[in-house]
Amino acid sequence: MNDHALDGYEISTDPARLDADLVHYWLATDAYWAVDRPRELHDRAVAGSLNFGLYASGSGRQAGYARVVTDHATFAWLCDVYICRDDRGRGLGTALIEAIADRLTPSGLSRLTLATKDAHGVYEKVGFRTLVSPEQWMTLGLIDPGPVDI
């Protein structure tokens with residue numbers, strides 16, 4: 001893990017530490033994939049996920065968030081990764097993703113997947129790569145509007 005990037009920060013999966021109002025605000029107002037996400041939908045997503053909070057060590061102020069949807073055995077989906085604008089540029093996103101991968105590795109998961117429009121470089125630092133056989137993957141867009149315009 002990138003311990004240097006975490007100087008002054010800590011990561012926790014304790015749900016009691018999450019600032020639910022702040023995380024919803026970040027995602028619903030500043031994350032292209034979740035803009036205008038209703039609070040009730042957000043709360044259901046958080047309740048059904050393994051949540052990671054990134055906090056300033058001294059104050060406990062939440063500085064980042066990510067959630068993982070997983071069966072803890074074969075598959076995990078990384079989503080809603082967000083670093084507070086005031087804390088960006090310090091390698092915290094990469095450190096958070098590394099911590100998530102470290103936490104999930106002992107579970108023996110076959111894969112950890114994600115989708116991103118613009119942060120490929122962040123995830124590549126941790127070892128993510130594009131799909132080797134995209135023709136094997138499918139999606140059922142129950143409400144999915146399709147690709148996000150770049």
Side-chain angles (χ1 to χ4, degrees), residues 1-2 5-72 74-105 107 109 111-131 134 137-150:
M1 181 181 346
N2 188 349
L6 284 176
D7 284 347
Y9 295 86
E10 59 191 22
I11 295 169
S12 174
T13 57
D14 179 357
R17 291 189 69 182
L18 288 176
D19 183 336
D21 293 333
L22 179 62
V23 171
H24 177 256
Y25 174 79
W26 283 339
L27 296 176
T29 64
D30 194 38
Y32 69 84
W33 64 91
V35 169
D36 294 329
R37 179 183 288 170
R39 179 61 188 262
E40 184 272 333
L41 181 65
H42 170 77
D43 290 345
R44 283 191 357 234
V46 169
S49 301
L50 174 60
N51 300 281
F52 291 80
L54 173 71
Y55 305 92
S57 298
S59 67
R61 174 187 61 84
Q62 189 159 356
Y65 173 77
R67 69 184 181 91
V68 176
V69 181
T70 183
D71 62 8
H72 299 279
T74 63
F75 183 81
W77 177 271
L78 174 62
C79 50
D80 288 346
V81 178
Y82 188 91
I83 302 298
C84 177
R85 288 190 172 272
D86 294 340
D87 298 282
R88 292 181 186 172
R90 301 177 187 165
L92 295 170
T94 301
L96 178 58
I97 297 159
E98 287 174 341
I100 291 168
D102 289 348
R103 167 73 189 272
L104 295 174
T105 296
S107 299
L109 300 172
R111 66 184 43 89
L112 172 59
T113 62
L114 64 89
T116 184
K117 178 178 86 171
D118 57 1
H120 294 77
V122 173
Y123 297 103
E124 287 168 347
K125 291 177 190 174
V126 181
F128 282 86
R129 62 180 192 265
T130 58
L131 293 173
W137 289 82
M138 298 178 72
T139 185
L140 176 60
L142 300 176
I143 304 177
D144 183 1
V148 177
D149 291 333
I150 296 180

Quick one: list whatever passes salt bridge (Lys or Arg N to Asp or Glu O under 4.0 Å) with Arg111, sequence neighbours left out.
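Per chain and number, Arg111 pairs via salt bridge (Lys or Arg N to Asp or Glu O under 4.0 Å) with no residue.
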[X] [atom1] to [Y] [atom2] distance, which is reported to the nearest 0.5 Å:
| X | Y | atom1 | atom2 | answer |
| --- | --- | --- | --- | --- |
| Arg67 | Leu50 | CZ | CG | 11.0 Å |
| Ile11 | Ile97 | CD1 | CD1 | 10.0 Å |
| Leu104 | Phe52 | CG | CZ | 5.5 Å |
| Leu54 | Cys84 | CG | SG | 9.5 Å |

By the salt bridge (charged side-chain N to carboxylate O under 4.0 Å, His left out) test, which pairs, at least two apart or in different chains, include something from residues 44-54?
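Sorted pair list: Glu40-Arg44.
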Salt bridge (charged side-chain N to carboxylate O under 4.0 Å, His left out) contacts in which one or both residues fall within residues 53-64, not counting sequence neighbours
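Qualifying pairs, neighbours excluded: Arg61-Asp87.
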Which heavy-atom pair separates [X] from [Y] by the least distance, and what is that distance?
| X | Y | result |
| --- | --- | --- |
| Phe128 | Leu78 | CZ-CD2, 4.2 Å |
| Tyr55 | Gly60 | CD2-O, 3.5 Å |
| Trp33 | Asp80 | NE1-OD1, 2.7 Å |
| Gln62 | Asp19 | OE1-N, 2.8 Å |
| Leu18 | Gly53 | CD2-CA, 4.2 Å |
| Gly64 | Trp26 | N-CH2, 3.6 Å |

Taking CZ in Arg17 as the centre, count heavy atoms belonging to other residues, nucleotides or ligands within less than 6.0 Å. Is the count above 12?
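Atom CZ in Arg17 is packed in, count exceeds 12.
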Contact between [X] and [Y] at the side-chain level, heavy atoms closer than 4.5 Å - yes or no?
| X | Y | value |
| --- | --- | --- |
| Val23 | Leu27 | yes |
| Phe75 | Thr113 | yes |
| Glu98 | Leu6 | no |

For residues 118-127, run the donor-acceptor check on the side chains, cut-off 3.5 Å, and write out each pair with its distance to 0.1 Å, sequence neighbours left out.
none

My understanding is that only residues two or more places apart in sequence, or in another chain, count here; which of them pass side-chain hydrogen bond (donor to acceptor under 3.5 Å, both in side chains) with Asp21?
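Counting only residues at least two positions away or on another chain, Asp21 forms a side-chain hydrogen bond (donor to acceptor under 3.5 Å, both in side chains) with Arg39.
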Test item: side-chain donor near acceptor, Asn51 and Tyr65, under 3.5 Å
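There is such a pair (donor and acceptor under 3.5 Å, judged by atom type) between the side chains of Asn51 and Tyr65.
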Spell out, as yes or no, whether a donor-acceptor pair under 3.5 Å connects the side chain of Tyr9 to the backbone of Ala95.
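The answer is no, because no donor-acceptor pair under 3.5 Å joins these two groups.
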Expected output: side-chain Arg88 to main-chain Ile83 donor-acceptor under 3.5 Å
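Yes, the answer is positive, given that a donor and an acceptor are paired below the 3.5 Å cut-off.
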With sequence neighbours excluded, what pairs up with Thr70 under the side-chain contact (heavy atoms from CB on, under 4.5 Å) test?
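Per chain and number, Thr70 pairs via side-chain contact (heavy atoms from CB on, under 4.5 Å) with Val68, His72, Ala76, Leu109.
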